Amino acid sequence: MKNKRSSIKRRNQNEENWKSLRTTRDDLSLDRTLPTGQSFRWQKVEEYDENDENEKKYSTYVGVIGRRVVQIRERMEFEEEEEKSYETTTIEFRVLNTNESNICKNEDKENGEQEEEQVTKDVRAYFNLDDPIPLKDLFEQFSKADPYRFGRLSAYVRGARTLRQPPAECLISFVCSSNNNIARIKKMVESLCEKYGEELVCNVSSRSRSRSSGSSGRDDDEENEVNDKEEINESKIYHAFPTVEQLAEKCDEQTLRDLGFGYRAKFIPAMAKELVKRGGEAYLLKLRDAPQTEEEKYRAITELTSLPGVGPKVAGCAALFSLDKKSVVPVDTHVWQLAREHFDPNGELASMETTASTTKGSANEEGAEQQRHKESSTPTTPTKQKDKPLSITPKMMKKCEEMLVSIYGAYAGYAHTALFVAELPTVRESLPEHLRTPTKADKKRGEKNGEKKPEKKKRKFLKVDGENKSDDDGA
DNA sequence: CGTAGACCTGCTTTC
DNA sequence: CATTCCAGGTCTACG
């Protein structure tokens with residue numbers, strides 16, 4: 001009994017550890033930001049509401065920011081004022097690992113408060129929340145500039161934020177992303193951290209269960225251990241992302257190959273060594289803090305691209321997601337697809353696809369039948385020949401980026417993030433049919449069923465086409 | 001300078 | 001159920 005009492009006390013203390021991030025869901029949606037392939041380190045975790053009798057579950061995200069294990073949640077509150085009830089969402093976080101959070105508990109008050117302030121500052125910085133312009137305002141600007149696509153989409157991607165990650169972590173993570181899928185990227189990044197990163201020890205209540213969607217097995221829902229009435233206070237170990245120094249010193253290709261990095265295994269140690277040579281993380285931070293000019297942006301990209309394993313796409317991601325280069329639009333296959341679908345009324349982008357191909361089969365011998373599509377007479381999907389995996393050339397990237405920058409301006413990268421998020425399966429599902437970008441599967445199916453191309457209504461995005469999709473997401 | 005292959009691996013889809 | 005495809009590209013070798 002006494003046991004129980006003390007545990008309750010502890011939990012309430014824990015509950016008090018939640019601190020407001022001081023933002024709103026117009027400015028930050030966790031679901032549209034954390035699991036969207038900007039960072040690969042966040043896990044969705046189910047928690048039980050400790051104040052609620054029924055102990056309802058709610059979802060949170062747990063990840064690592066620097067050397068802190070951070071848990072974040074969106075808490076809904078119902079307030080009643082003058083016979084009306086309002087629903088507000090408060091976004092809160094707390095630090096889980098003891099080595100960090102103890103500092104602000106056991107030391108003297110002043111020190112503690114200072115530390116608390118620092119934590120909030122750091123977490124806010126990670127989420128880019130100190131931007132001069134609130135995301136909501138930016139979305140309005142984007143919508144005004146592009147009512148046809150962004151305007152109709154914005155309600156569904158509200159709060160889709162561009163992060164501001166530690167540069168080396170971001171860069172190295174994206175080196176893993178080439179020719180790869182998100183699930184495996186996550187796995188690789190995680191194993192890299194486990195292997196080389198500093199240990200971060202957390203005390204975890206046994207009642208919180210991981211519901212990691214995808215990465216490691218599906219051990220959820222298996223209530224084999226029904227001991228959750230007992231307050232087993234296990235400790236869980238997380239890992240910081242390894243520093244470039246740690247990687248440069250300890251990391252080698254063979255180990256990474258054994259960890260499943262494939263051909264990317266040689267890039268990581270090589271890059272880490274090169275980064276250390278150039279001054280380590282500080283070198284990258286210098287690129288971040290340089291004046292926000294076109295010239296410096298170009299320079300940052302050039303510098304990054306000279307690192308092993310870093311091409312224009314990865315450099316773009318690092319620049320946008322960690323180096324404050326907000327006008328950068330990293331063009332990958334998805335961005336290319338969506339740009340071609342929604343921002344290419346004259347078929348400029350489409351016409352660039354003709355030469356690109358990447359196949360292993362020797363289509364030469366039997367290539368007797370060539371498509372005579374020399375001039376794309378119709379702007380609609382001229383290059384729909386055999387399904388050669390489309391590869392995006394630097395020239396295509398440049399064109400695509402320029403096009404989007406011309407529409408969205410200095411924060412084009414933020415617009416890109418939102419547009420990209422709209423293409424992710426979970427978000428896509430929440431869109432009304434007519435806003436969904438056709439997938440390859442869709443097109444394939446269309447071909448099979450009967451050539452009926454959905455007949456794109458290719459009008460320039462200029463007119464506020466009279467429907468007001470008022471509110472809401474279909475989450 | 002601008003383009004074809006090769007390149008690791010695991011998940012999904014199809015034979 | 002095994003096979004093939006594809007996944008948020010980059011590097012290298014050639015015209």
Side-chain angles (χ1 to χ4, degrees), chain A residues 35-40 162-163 170-192 213-218 253-268 270-271 274 301 304-321 328-340 352-364 367 383 386-401 413 416-417 419-425 427-428 437 439-445 448:
Chain A
T36 60
Q38 296 184 60
S39 166
F40 302 94
T162 304
L163 295 174
C170 185
L171 187 55
I172 291 165
S173 296
F174 276 97
V175 166
C176 301
S177 76
S178 83
N179 202 14
N180 204 352
N181 60 71
I182 292 185
R184 186 152 82 108
I185 299 168
K186 268 185 172 167
K187 217 176 287 184
M188 289 161 61
V189 169
E190 215 45 57
S191 55
L192 190 70
S213 55
S215 42
S216 47
R218 309 197 60 72
E253 173 175 354
Q254 190 51 52
T255 306
L256 293 187
R257 276 191 182 270
D258 295 342
L259 286 175
F261 278 64
Y263 64 83
R264 308 161 196 84
K266 61 174 177 290
F267 294 141
I268 310 294
M271 163 186 284
E274 178 59 26
I301 298 280
L304 295 179
T305 306
S306 70
L307 292 163
V310 181
K313 158 61 169 57
V314 169
C317 286
L320 176 63
F321 299 142
V328 170
V329 178
V331 178
D332 57 37
T333 58
H334 290 171
V335 173
W336 177 261
Q337 296 295 345
L338 77 85
R340 244 209 33 173
M352 299 177 80
E353 287 182 0
T354 54
T355 53
S357 70
T358 300
T359 332
K360 60 289 155 77
S362 56
N364 283 340
T383 67
K386 279 305 179 187
D387 33 356
K388 298 173 187 185
L390 178 66
S391 86
I392 316 291
T393 68
K395 200 204 285 186
M396 292 159 74
M397 292 184 187
K398 187 164 186 291
K399 182 72 182 173
C400 186
E401 177 170 25
H416 142 276
T417 298
L419 294 173
F420 181 85
V421 165
E423 304 297 331
L424 297 172
V427 179
R428 200 182 117 87
T437 305
T439 64
K440 267 160 288 186
D442 288 334
K443 295 181 176 175
K444 216 172 189 178
R445 199 144 28 79
K448 241 180 187 177

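Because the structure is a prediction, the values reported are computed rather than measured. Within every chain, numbering begins at 1; the chains are lettered A, B, ... in the order of the sequence lines, protein sequences first and strands thereafter. Values below: every heavy atom of this structure, side chains too, minus hydrogens, waters and symmetry copies.
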Quick one: do A/L304 and A/V314 satisfy side-chain contact (heavy atoms from CB on, under 4.5 Å)? Show the steps, please. CA-CA 9 Å; A/L304 295 179; A/V314 169; over 6 Å; no
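- Under a cut-off of 6.0 angstrom, the local environment of NZ in A/K266 is crowded, with over 12 non-hydrogen atoms contributed by other residues, nucleotides or ligands.
- Under the 3.5 Å distance criterion, the side-chain polar atoms of A/S177 are left unmatched by any main-chain donor or acceptor of A/S173.
- Counting non-hydrogen atoms under 4.0 angstrom, A/V310 reaches the backbone sugars and phosphates but no base.
- At a cut-off of 3.5 angstrom, the base of C/dC11 holds no donor-acceptor pair with the side chain of A/R264.
- Per the geometry, CD1 belonging to A/I185 stands 10 Å off C1' belonging to C/dG9, to the nearest Å.
- Between the C1' atom of B/dC8 and the CZ atom of A/R184 lies a distance of 6 Å, rounded to the nearest Å.
- Between C/dG8 and B/dA4, the two P atoms lie 23 Å apart (nearest whole Å).
- No engagement by A/E423 is indicated, since no non-hydrogen atom pair under 4.0 Å with the nucleic acid exists.
- Between A/N179 and A/P312, the residue anchored nearer the 5' end of DNA chain C, judged by the nucleotide with its closest heavy atom, is A/N179.
- Spacing between C/dC5 and B/dG5 at atom P, rounded to whole Å, works out to 16 Å.
- Counting to the nearest Å, the C1' atom of C/dA7 and the CG atom of A/L424 are 14 Å from each other.
- Counting non-hydrogen atoms under 4.0 angstrom, A/L307 reaches the backbone sugars and phosphates but no base.
- When distances run from any side-chain atom of A/K395 to the nucleotides B/dT3, C/dA7, C/dG9, the shortest one goes to B/dT3.
- A perpendicular orientation is assigned to the rings of A/F174 and A/F40, their planes being inclined by more than 60° (bins at 30° and 60°).
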Would you sort out whether A/L256 and A/S191 count as a side-chain contact (heavy atoms from CB on, under 4.5 Å), showing the intermediate values? CA-CA 9 Å; A/L256 293 187; A/S191 55; over 6 Å; no
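- For B/dC7, neither phosphate oxygen OP1 nor OP2 lies less than 4.0 angstrom from any side-chain nitrogen or oxygen of A/K266.
- Contact annotation for A/G309: backbone-only contact, meaning every heavy-atom pair under 4.0 Å involves sugar-phosphate atoms and none involves a base.
- A residue-by-residue look at A/T305 and A/F40 shows that A/F40 has its nearest nucleotide of DNA chain C further toward the 5' end.
- Separating the OH atom of A/Y263 from the C1' atom of B/dC8 is a distance of 7 Å, rounded to the nearest angstrom.
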If you apply the rule side-chain contact (heavy atoms from CB on, under 4.5 Å), what do you find for A/M271 with A/V310, and how did you get there? CA-CA 9 Å; A/M271 163 186 284; A/V310 181; 3.2 Å; yes
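- Closest non-hydrogen pair, A/C176 versus A/I268, comes out as SG-CD1, 4.2 Å.
- As rounded to whole Å, 13 Å separates atom C1' of B/dT3 from atom CE of A/M397.
- Between A/N180 atom CG and B/dC8 atom C1' there is a gap of 9 Å when expressed in whole angstrom units.
- Residue A/V331 is classed as having no contact, given no heavy-atom separation below 4.0 Å to the nucleic acid.
- In this entry the distance linking CD of A/Q337 with C1' of C/dG8 reads 12 Å, nearest Å.
- Between A/R257 and B/dC8 there is a side-chain N or O to OP1 or OP2 distance below 4.0 Å.
- Across B/dC8 and C/dA2, the matching P atoms stand 25 Å from one another, rounded to whole Å.
- Stem analysis of DNA chain B (Watson-Crick or G-U pairs, both distances under 3.5 Å, runs of at least three) returns B:1-7 with C:9-15.
- Looking at A/E253 and A/R257, a side-chain N of the basic residue comes within less than 4.0 Å of a carboxylate O on the acidic one, giving a salt bridge.
- Atom CD1 in A/I182 sits about 21 Å away from atom P in B/dT9, given to the nearest Å.
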